[in-house]
A.B. asks: 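Below: one structure in structure tokens.
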Amino acid sequence: MMARIRLDPPRTLTYRLAAWYSRRKYGEVLDPLAAMGHHPRVLRDGGRFEQRLAKWNELDAGLKHLAVLASAARIGCGWCLDFGHWEAAEHGLPMDKVQYVPQWREHRERFDELELLVLEFAEAMTETEPSVTDELARELLARLGEPAFVELVAMVAVENQRSRMNAALGLTRQGFSDQCAVPPRTARPNR
């Protein structure tokens, strides 16, 4: 599938600055950034939001990343899985675990009890009609505490937005995971 929008937006000052930053940080212009370049205010405000998200630190970074990947996998966002796999490698997360996130239910033995709860929660929250149970929320609240639980909820919601936007824009793999030692497994089809 090809992108549904041109990835060569008008070269506004906002886009040029964002593209420069993206090349500096990631080695190339991220496709979602190029797509948002068609609407400079969306690009600018989205960039500010992402910079603020990066400063959140109540939730363990590994758990946060597993939740984000589980949400992206549930939606089926190839771009998010590709980039998320690369990002996990860049942050030194265990790739022998990360690669199994799209099929975590079939590989439960690779995850500890708290990670399994986070993966289940991320999927339940990502369902078109969220299926988070009181029991699951209580268990995570007891283990994480309120600040980290709120951050988990917010990160899964943010990834839902990212993945749904990228999927609707037709963005697919950009080749980030090709740089990783272990290639990502693909997302399961929607249930």
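Numbering of residues begins at 1 and proceeds along the displayed sequence. FYI, side chains are in, hydrogens and waters are out, and symmetry mates aren't considered; it's all heavy atoms of this structure.
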A.B. asks: So do the side chains of W79 and Q174 get within less than 4.5 Å of each other, counting heavy atoms only?
C.D. replies: yes
A.B. asks: For V158, give me all partners under side-chain contact (heavy atoms from CB on, under 4.5 Å), at least two apart in sequence or on another chain.
C.D. replies: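 Scan of V158 (side-chain contact (heavy atoms from CB on, under 4.5 Å), adjacent residues dropped) gives F49, E50, L53, R162.
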A.B. asks: Taking T126 for the side chain and S71 for the main chain, is one N or O donor matched with an acceptor at less than 3.5 Å?
C.D. replies: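 Checking the backbone N and O of S71 against the side chain of T126, no donor-acceptor pair under 3.5 Å is found.
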A.B. asks: For a quick test of reading the model, state the closest non-hydrogen atom pair linking P10 to G37 and the distance between them.
C.D. replies: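 Taking every non-hydrogen atom into account, CD-O, 4.3 Å.
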A.B. asks: Using the rule that two of Ile, Leu, Val, Met, Phe, Trp, Tyr join whenever any of their side-chain heavy atoms come within less than 4.5 Å, decide whether L81 and L93 are in one cluster.
C.D. replies: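 As far as the 4.5 Å side-chain criterion goes, L93 and L81 are connected within one cluster.
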A.B. asks: Within a strict 4.5 Å, meaning less than it, do heavy atoms of the H107 and K97 side chains meet?
C.D. replies: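 No - every pair of side-chain heavy atoms lies 4.5 Å or more apart.
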A.B. asks: Dump the intermediate steps for side chain to side chain contact (heavy atoms under 4.5 Å, CB included) on V101 and L66, then the final yes or no.
C.D. replies: CA-CA 7 Å; V101 170; L66 289 177; 3.5 Å; yes
A.B. asks: Can you hop from Y21 to M36 via hydrophobic side chains spaced under 4.5 Å?
C.D. replies: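 No, Y21 and M36 fall in different hydrophobic clusters.
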A.B. asks: Set out, in order, the CA-CA distance, both residues' side-chain angles and the distance that settles salt bridge (charged side-chain N to carboxylate O under 4.0 Å, His left out) for E115 and R110, then state yes or no.
C.D. replies: CA-CA 9 Å; E115 291 168 338; R110 297 193 174 272; over 6 Å; no
A.B. asks: Could you tell me which non-hydrogen atom of R44 sits nearest to which non-hydrogen atom of R41, and how far apart they are?
C.D. replies: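 Closest approach of R44 to R41, heavy atoms only: NH2-CG, 3.1 Å.
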A.B. asks: Could you give the distance from CD1 (I5) to CG (D31), rounded to the nearest 0.5 Å?
C.D. replies: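 Nearest 0.5 Å value for the CD1-CG distance: 11.5 Å.
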A.B. asks: How many angstroms lie between atom CG of L140 and atom CD of E135, to the nearest 0.5 angstrom?
C.D. replies: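 These two atoms lie 11.0 Å from each other.
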A.B. asks: Under a 4.5 Å cut-off applied to non-hydrogen side-chain atoms, are R16 and W20 in contact?
C.D. replies: no
A.B. asks: Starting from the C-alpha separation in whole Å, work towards a yes-or-no answer on side chain to side chain contact (heavy atoms under 4.5 Å, CB included) for V29 and Y15.
C.D. replies: CA-CA 10 Å; V29 176; Y15 177 72; 3.7 Å; yes
A.B. asks: Could you check whether any side-chain heavy atom of L43 comes within less than 4.5 Å of a side-chain heavy atom of L33, counting everything from C-beta outward?
C.D. replies: yes
A.B. asks: Report yes or no: do E123 and W104 form a side-chain donor-acceptor pair below 3.5 Å?
C.D. replies: yes
A.B. asks: Output the distance between atom CG (L69) and atom NE2 (H85), rounded to the nearest 0.5 Å.
C.D. replies: 9.0 Å
A.B. asks: Are P32 and L169 side-chain neighbours, meaning at least one heavy-atom pair lies under 4.5 Å?
C.D. replies: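 P32 does not reach L169 side chain to side chain.
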A.B. asks: Which pair of heavy atoms, one from L171 and one from A3, lies closest together, and at what distance?
C.D. replies: CD2-CB, 3.9 Å
A.B. asks: Are V98 and L117 linked, directly or through other ILVMFWY residues, by side chains that come within less than 4.5 angstrom of each other?
C.D. replies: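 Different hydrophobic clusters.
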A.B. asks: I need the minimum non-hydrogen distance between S163 and C80, along with the two atoms involved.
C.D. replies: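 That closest heavy-atom pairing would be OG-SG, 3.4 Å.
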A.B. asks: Can you tell me if CD on E109 sees more than 12 non-hydrogen neighbours from other groups inside 6.0 Å?
C.D. replies: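 Atom CD in E109 is packed in, count exceeds 12.
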A.B. asks: Side-chain heavy atoms under 4.5 angstrom apart, residues restricted to Ile, Leu, Val, Met, Phe, Trp, Tyr: same cluster for W56 and L63?
C.D. replies: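 No, W56 does not connect to L63 through the hydrophobic network.
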A.B. asks: Below 4.5 Å, heavy atoms only, C-beta onward: do F176 and L30 meet side chain to side chain?
C.D. replies: yes
A.B. asks: Just how far is it from atom CG of L144 to atom CZ of F149, taken to the nearest 0.5 Å?
C.D. replies: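 Here the interatomic distance stands at 8.0 Å.
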A.B. asks: Determine whether the aromatic ring centres of residues Y100 and F111 are separated by less than 6.0 angstrom.
C.D. replies: no
A.B. asks: Does a side-chain N-to-carboxylate-O contact under 4.0 Å join E120 and R105?
C.D. replies: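 Salt bridge absent between E120 and R105.
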A.B. asks: Does V153 share a hydrophobic cluster with V118, counting links as ILVMFWY side-chain heavy atoms below 4.5 Å and allowing steps through other members?
C.D. replies: yes
A.B. asks: Using the rule given for side chain to side chain contact (heavy atoms under 4.5 Å, CB included), can you reason through E113 versus R143, listing the C-alpha separation, both sets of side-chain angles and the distance that settles it, and then say yes or no?
C.D. replies: CA-CA 10 Å; E113 191 177 327; R143 290 170 155 254; 3.0 Å; yes
A.B. asks: Could you walk me through whether L17 and T12 pass side chain to side chain contact (heavy atoms under 4.5 Å, CB included), step by step?
C.D. replies: CA-CA 9 Å; L17 288 171; T12 64; over 6 Å; no
A.B. asks: Test C77 against every option in T172, N166, D82 by the side chain to side chain contact (heavy atoms under 4.5 Å, CB included) rule and name the one that passes.
C.D. replies: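 One option only clears the test, and that one is N166.
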A.B. asks: Check whether any side-chain N or O of S22 sits under 3.5 Å from a backbone N or O of E28 as a donor-acceptor pair, and report yes or no.
C.D. replies: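 Here the side-chain-to-backbone pair exists.
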A.B. asks: Would a 4.5 Å heavy-atom cut-off, applied to side chains only, mark L116 and R108 as touching?
C.D. replies: yes
A.B. asks: Residues in side-chain contact (heavy atoms from CB on, under 4.5 Å) with S131, at least two apart?
C.D. replies: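 If we apply the side-chain contact (heavy atoms from CB on, under 4.5 Å) test to S131, skipping adjacent residues, the hits are A124, E127.
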A.B. asks: Report yes or no: does R4 contribute a side-chain atom to a donor-acceptor pair with the main-chain N or O of A168 at less than 3.5 Å?
C.D. replies: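 Such a contact is found between R4 side chain and A168 backbone.
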A.B. asks: One pair to check against salt bridge (charged side-chain N to carboxylate O under 4.0 Å, His left out): K64 and E151. What are the steps and the verdict?
C.D. replies: CA-CA 8 Å; K64 186 183 309 189; E151 189 169 321; 2.5 Å; yes
A.B. asks: Could you give the distance from CZ (F121) to OG1 (T133), rounded to the nearest 0.5 Å?
C.D. replies: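 One gets 9.0 Å once the value is rounded to the nearest 0.5 Å.
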A.B. asks: Let me confirm one number: the CG-CE distance from N160 to M125, rounded to the nearest 0.5 Å.
C.D. replies: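 Result: 6.5 Å between the selected atoms.
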A.B. asks: Using only atom types and a distance under 3.5 Å, with no angle test, would you say the side chain of H91 pairs donor to acceptor with the backbone of H65?
C.D. replies: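 Judged by distance alone, no pair lies under 3.5 Å.
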